[in-house]
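Handing you this structure, nothing more for now.
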There are 2 protein chains.
Amino acid sequence: MTARISDDEFTPRQSAVLECALELLVAGGEKALTTAGVARAASCSKESLYKWFGDRDGLLAAMIAYQASKVRAFSDDGGMMDAARFRAHLVDFAHDLLQVLAGDVSLALNRLAIGQASREGNRLARLLIERGRRRIDSRACALLEAGMRRGLIRYEDRDDVYHTLYGLIVRDLHVRMLLGEEGARRPIHFADQAERAVERFLALFAAREEERAGGI
Amino acid sequence: MTARISDDEFTPRQSAVLECALELLVAGGEKALTTAGVARAASCSKESLYKWFGDRDGLLAAMIAYQASKVRAFSDDGGMMDAARFRAHLVDFAHDLLQVLAGDVSLALNRLAIGQASREGNRLARLLIERGRRRIDSRACALLEAGMRRGLIRYEDRDDVYHTLYGLIVRDLHVRMLLGEEGARRPIHFADQAERAVERFLALFAAREEERAGGI
DNA sequence: AATAAATCGTACCGTACGGTACGGTTCTGT
DNA sequence: ACAGAACCGTACCGTACGGTACGATTTATT
């Protein structure tokens, strides 16, 4: 049984080891992530690795859990919000999303999970979605619901509109980055892209002026 | 040197072997794609594999080239096109795109290329983009340019508008399918999704009635 | 300080895989 | 029909990796 992963607390030593493992993964992909390699890079024994994480798969799962635990969940909104602030929040979200997806570690972990996705169970992929994606989803959905409540946008199916926002922001960039396309990772353009995506999103879903004031 | 891949003609025997290899890859992922396994499944000798494809990487490249060669390039349009036909062409494109991306072999090859993307050079990933993606891109761009020429849509940057169309159609579905998410591959919903995506695309880029008739 | 637990480094084992070699067999060209 | 090439099946080699064992060393506990 592959060690406990429900308890995502790691000792400092274990965290340091996982950090080294992530570095190895980022540098050389899954092929470079050997147990002996991690042990050497982290100056620990293979025996400790197996004791802490069970087996290699447990190590991979721990790396995902560890990385996810480093990303703090946002809880923006709260204050009052007019159309301009709502738009700014959307742009912030878009920019953050692009930056997260373009991160070295994020790309490496996604490549890892996708590479293993054909295996039965899909443990890693499910973990990645559960731990990494849910946060982003919930942040965006909270934002969208706030916009809806204040009459700034109109929609029927929240998930549908969220996925549309996602598509407008990310397009095929994520897959292109996962494939290692050089030109794809130009964080310089992220700000522009975030603006344009939100522009189009609001063009599709913003409530019209006359609706913004009151009822239906 | 990894055999010639620029000449994408394979003998019938080689094609049969590559077919078996693709089956193996789809069934069990990269891990299941061993030279011995391919030889056994295809009833050929490992020596022939190495003679034909050079080494394992050459085999992978040949699989991509072979699969790409099976997909015939569209050359739709040609006839005259009004707004309704243009819309129908867009929906067709969207539907085809979703169906292609959701294909077993497509997903398996993308997983393979992504899993190897961290290696230097990125040969497989570049091959996949070059051979697989370009066709889709060119079909869509031809369609968009035809729509532009006939005054049905208006845009400034063709690539930008194409990527927006792509994002509206695919959203995060491709990555979710690559991660093996069960709910993602529901071809039943593809038709709906294609309709909705085109709807939104036209809401963003369709020329207004008064523009459709004549000049600026 | 003494004892127990945890950890390190290294060595070891079994297996699986990439790649090669070779004898026997089928296909091809003349 | 015959020679030569292509090909199949199998066996073989070296290596690399996952996983285990163990003595030496460090750390924690009382």
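Remember, it's a predicted structure, so these values are computed and weren't measured experimentally. Note on naming: letters A, B, ... go to the chains in the order of the sequence lines (proteins, then strands), and numbering restarts at 1 for each one.
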In whole angstrom, what separates L59(B)'s CG from dG19(C)'s C1'?
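In whole Å, dG19(C) C1' lies 13 Å from L59(B) CG.
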To the nearest angstrom, how far is F53(A) atom CZ from dA6(C) atom P?
16 Å
L49(B) CG to dA6(D) C1', in whole Å, measures 14 Å
Measure the distance from NZ on K51(A) to C1' on dA21(D) and round it to the nearest whole Å.
14 Å
Between dC27(C) and R13(B), is there an OP1 or OP2 to side-chain N/O distance shorter than 4.0 Å?
no
Rounded to the nearest Å, what distance is computed from the CG atom of residue L33(B) to the P atom of nucleotide dA16(C)?
17 Å
Which atom of S43(B) lies closest to which atom of R13(B), heavy atoms considered
O-NH2, 2.9 Å
Tell me whether the OP1 or OP2 atom of dC7(D) has a side-chain N or O from W52(B) closer than 4.0 Å.
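Checking dC7(D) against W52(B), a side-chain N or O does come within under 4.0 Å of OP1 or OP2.
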Salt bridge check, R135(B) against E130(B): does any charged N sit closer than 4.0 Å to a carboxylate O?
no
For salt bridge (Lys or Arg N to Asp or Glu O under 4.0 Å), just list the numbers for R56(B) and E30(B), CA-CA rounded to whole Å, side-chain angles, deciding distance to a tenth of an Å, and then say yes or no.
CA-CA 11 Å; R56(B) 188 173 182 272; E30(B) 172 176 7; 3.4 Å; yes
Proximal nucleotide (of dG19(D), dG19(C), dG18(C)) relative to the T34(B) side chain
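So the side chain of T34(B) is nearest to dG18(C).
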For the residue pair Y166(A) and Y162(A), does the interplanar ring angle fall in the parallel (under 30°), tilted (30 to 60°) or perpendicular (over 60°) class?
perpendicular
Nearest whole angstrom, please: distance from the C1' of dA16(D) to the CZ of R40(A).
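Between C1' of dA16(D) and CZ of R40(A): 12 Å.
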K46(B) vs T11(B), nearer the 5' end of DNA chain D by closest nucleotide
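The answer here is T11(B).
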So for E47(A) and dC8(C), does any side-chain atom that can act as donor or acceptor lie under 3.5 Å from a complementary atom in the base?
yes
Where the side chain of R56(A) is concerned, which of dA11(D), dG18(D), dC8(D) is the nearest nucleotide?
dG18(D)
For the pair made of CG in D55(B) and P in dC17(C), what is the distance, rounded to whole Å?
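One finds 17 Å between P of dC17(C) and CG of D55(B), rounded.
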So, is T35(B) near the phosphate of dG18(C), with a side-chain N or O under 4.0 Å from OP1 or OP2?
yes
Short side-chain N/O contact to dC8(D) OP1/OP2 from S48(B), under 4.0 Å
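Checking S48(B) against dC8(D): at least one side-chain N or O falls below 4.0 Å of OP1 or OP2.
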Quick one: does S48(A)'s side chain have a donor or acceptor within less than 3.5 Å of a partner on C44(A)'s backbone?
no
Any idea which of dC7(D), dC8(D), dG19(C) is nearest the Y50(B) side chain?
dG19(C)
Atom CD of Q116(A) to atom P of dG18(D): distance rounded to whole Å?
11 Å
